[in-house]
Amino acid sequence: MNESLHSLTWTDLRQWVGSTIMGRGKTYIKNVTDLAMTESGGLIAWVSGSEDYATHVEVGVGGEFDWFCSCPYWGPCKHAVAVVLAALEQEKAGRKLPLVDKQGDLYRTVFDDSDDNDDEDDDEDDEFWEEDDRDDREIMTARVASPGSGGGKITVLAGILGEKSKEELIVLLTDLAARHPEVKRKILEDEQLRSGRIDKLAIALRKEIIAVTDEPAWTNRWNDEGSRPDYSHIKERFADLLKEGHADIVVELGRELWQKGNEQVEQSHDDGEVVYELRDCMEIVFQAVMASSLSRPEQLLWMIDIFFEDQYAISDSCEQFIRKKTYGKKDWSEVAGSLQDKINAMPVPKPDNFSSTYQRKRLMNWLIEAFERSGQQKKVIPLLESEADLTQCYERLVDTFLQSGSSDKAREWCVKGFQKTVDNAPGIAASLQKKLRELASHESKIDLVAAYRAQDFFNHPSPANYLELEQAAEKMNCWPAVRTAALSFLESGLRPDMIDAASVGQSWPLPCPEVAARSDKRFHRDFPDLNNLIEIAILEKRFDDVVQLYQTQQKAIRWGLGKGGEVAAAVAGTYPDVSLAIWQKLAEGQINLVKPKAYEVAAGYLRKMHKVYQATNRLEQWRTLIQTLRVEHKAKRRLLEVLDLLENKRIID
């Protein structure tokens with residue numbers, strides 16, 4: 001056997017395939033058959049799963065793996081692991097593996113190049129056709145000239161039909177129509193389209209729309225069952241009607257499909273399949289709108305109405321049509337007038353009615369686009385100002401002022417919008433506060449930038465916000481004072497920017513910002529905030545403080561280990577015994593869960609401990625620990641296998 005394979009350890013195997021695949025491979029050892037060796041010392045075998053897979057594994061001198069398996073798995077698989085472990089079992093039993101038969105199917109499956117077999121496949125294909133069938137084959141694969149091209153394939157069916165008389169074709173098609181309703185419908189609908197008599201076709205399509213949209217739409221991914229309405233015929237006939245110049249009827253039917261289809265989507269549970277079907281149909285309808293007898297402004301308004309009503313992104317792919325160059329400034333100007341009338345007629349939304357506010361905002365956005373496309377940009381800001389309190393469009397208004405160079409007006413609306421939204425729309429308020437900070441940065445008001453960074457930290461304390469505050473305060477050369485106040489806040493919960501600093505003996509060097517964000521009352525925070533104090537101490541490499549804070553946390557914590565994992569990783573070099581104690585407690589907690597996945601997590605902590613024991617020349621303590629775990633948990637077979645990996649034992653031992 002290959003010496004590299006002979007000296008293979010469990011750790012080598014885990015590093016190659018991972019713990020999960022390795023575990024699965026162990027259960028497949030009994031599925032390995034025809035195990036053999038290649039001349040280069042590799043292993044080859046069949047491994048049975050959902051079918052038989054040809055598997056080949058070689059281990060190089062440096063321990064690297066080369067493998068092949070005919071299974072569909074994309075990486076090193078359980079079948080490859082099973083082959084390796086089966087070979088090592090044979091080695092333990094003293095049985096020598098035979099050389100693989102190069103003429104056998106196993107070897108050919110692994111090593112034969114499929115490209116070399118192309119000619120053979122063609123020969124076998126020729127043998128498939130018996131002598132009596134050769135004429136049929138030649139007919140089926142014949143190439144003949146086609147009108148308007150240099151040649152192309154046609155089926156034998158066309159040739160057969162071409163030789164029949166008109167009377168024979170009538171009999172054939174009549175018979176087919178009688179036995180196949182879809183053939184009859186195709187013939188009749190094609191004739192209605194050809195003759196221009198589409199009344200009956202429109203009536204039939206209207207009935208089909210009602211029937212299809214009334215069908216339930218659902219999917220059960222667990223058992224691969226479901227019900228998917230078929231829109232293919234509707235889509236096909238919409239395209240045919242449009243092609244034959246009947247755009248108006250497509251628009252009329254399209255509106256009915258839109259209304260009924262939306263109701264169906266609302267009640268469906270099919271992972272969005274109906275949405276895709278409707279989207280394809282509506283693309284044809286939008287094309288029909290552009291070819292219809294509607295005036296260009298009416299076409300735009302028809303499409304805008306669809307976008308306005310769309311709650312399920314059905315019409316997303318149709319936006320290309322509304323922005324065609326076909327529509328000029330005059331068209332968009334008429335649209336703007338109609339949309340202005342529509343928004344003026346809308347009732348004022350109530351503050352707590354999200355739906356009405358959202359709808360008004362969508363209509364406002366379309367009116368803004370109409371103003372911009374009709375060259376009436378000057379009307380955009382007055383519209384936004386009039387709608388700001390109704391739709392809370394403060395962010396867009398501020399951005400518009402900034403784009404026009406009016407920073408003072410942008411700041412004014414930031415402050416006003418913040419005050420209006422800080423209680424009922426904190427997300428908008430936070431965005432406006434951020435814009436004020438960006439304005440201060442753009443104007444090089446570094447003290448104001450630092451004040452806003454302080455707000456962010458006090459409202460949402462975290463190491464990331466602490467670093468942002470540090471960077472801003474250092475530009476003012478006041479970081480030591482700000483740092484002291486920030487850490488004091490984490491200890492006591494008292495904000496230095498909201499209290500009389502002098503009364504508590506603190507010096508707060510930052511100014512009051514234009515707006516004062518309130519703390520989020522949805523999240524209760526206990527002080528001292530030991531989690532953030534520990535993380536910041538780790539960040540600043542104050543390892544003495546890290547240990548002290550962690551010990552304080554352990555006295556107060558009700559369950560778990562708090563920041564134990566982070567603390568252990570941070571102080572391993574300065575307080576190795578603290579790290580070892582934390583990791584051991586974490587490992588024992590995982591072992592007590594009695595789950596294979598938990599054993600793997602425990603192994604991660606034990607590996608960290610091994611590195612510390614090795615760095616401090618105490619490997620004997622490491623071995624004692626592992627042996628103790630083996631004795632205490634001797635009934636946990638899967639855990640013992642994990643411990644084997646930790647000790648890097650050779651598999652063959």
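Residue indices begin at 1 and follow the sequence shown.
- Taking CG of Leu625 as the start and CZ of Arg618 as the end, the distance is 11.5 Å to the nearest 0.5 Å.
- One distance of note links CZ of Phe418 with CG of Leu436; it measures 8.5 Å at 0.5 Å rounding.
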Can you give each donor-acceptor pair under 3.5 Å made by side-chain atoms of residues 444-452, sequence neighbours left out, with the distance rounded to 0.1 Å?
| unit_1 | atom_1 | unit_2 | atom_2 | d |
| --- | --- | --- | --- | --- |
| Lys445 | NZ | Glu443 | OE1 | 3.2 |
| Tyr452 | OH | Glu514 | N | 3.2 |
| Tyr452 | OH | Glu514 | OE1 | 2.5 |

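- Lys585 and Glu588 are not joined by a salt bridge, as no carboxylate oxygen comes within less than 4.0 angstrom of a charged side-chain nitrogen.
- With salt bridges taken as basic N to acidic carboxylate O contacts below 4.0 Å, none links Asp310 and Arg362.
- Atoms CH2 and OG, from Trp258 and Ser315 in turn, are 4.5 Å apart once rounded to the nearest 0.5 Å.
- Residue-environment remark: CZ (Arg396) exceeds the threshold of 12 foreign heavy atoms within 6.0 Å.
- Using a 4.5 Å heavy-atom threshold, the side chains of Ile536 and Leu490 count as touching.
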Go through it in stages, so that I can follow the logic: the residues are Lys330 and Glu334, the test is salt bridge (charged side-chain N to carboxylate O under 4.0 Å, His left out), and I'd like the CA-CA distance, side-chain angles, deciding distance and then a yes or no. CA-CA 6 Å; Lys330 184 178 179 181; Glu334 286 190 40; 5.5 Å; no
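- The line from OG of Ser441 to NZ of Lys434 is 12.0 Å long, rounded to the nearest 0.5 Å.
- Salt bridge Arg630/Asp644: present, at least one basic N to carboxylate O contact under 4.0 Å.
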Kindly determine whether Asn459 and Arg495 satisfy side-chain hydrogen bond (donor to acceptor under 3.5 Å, both in side chains), including the steps that lead there. CA-CA 10 Å; Asn459 288 327; Arg495 291 182 56 157; 2.8 Å; yes
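- For the atom pair Ile322 CD1 and Ile306 CD1, the distance stands at 10.5 Å (nearest 0.5 Å).
- A salt bridge is defined here as a Lys NZ or Arg NE, NH1 or NH2 lying under 4.0 Å from an Asp or Glu carboxylate O, and Glu412 with Lys409 meets this definition.
- For the atom pair CD (Glu387) and CG (Leu363), the distance works out to 8.5 Å, reported to the nearest 0.5 Å.
- Glu319 and Arg323 are joined by a salt bridge, as a carboxylate oxygen and a charged side-chain nitrogen come within less than 4.0 angstrom of each other.
- Side chain of Ser579 to main chain of Ala572: a donor-acceptor pair is present (N/O by atom type, distance under 3.5 Å, no hydrogens or angles).
- Salt bridge Arg373/Asp331: absent, no basic N to carboxylate O contact under 4.0 Å.
- For the residue pair Asp529/Asn532, the side-chain donor-acceptor check at 3.5 Å is satisfied.
- The existence of a salt bridge linking Lys597 and Glu600 is excluded, since no basic side-chain nitrogen approaches an acidic carboxylate oxygen closer than 4.0 Å.
- Dense packing is recorded around NZ of Lys636, with more than 12 heavy atoms of other residues, nucleotides or ligands lying under 6.0 Å away.
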Going by atom type alone, with no hydrogens or angles, which donor-acceptor pairs under 3.5 Å involve a side-chain atom of residues 464-481 and a protein atom two or more places apart or on another chain?
| unit_1 | atom_1 | unit_2 | atom_2 | d |
| --- | --- | --- | --- | --- |
| Asn465 | ND2 | His460 | O | 2.8 |
| Tyr466 | OH | Arg483 | NE | 3.4 |
| Tyr466 | OH | Glu540 | OE2 | 2.6 |

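- Put simply, the residue from Gln584, Gln590, His610 that forms a side-chain contact (heavy atoms from CB on, under 4.5 Å) with Tyr605 is Gln590.
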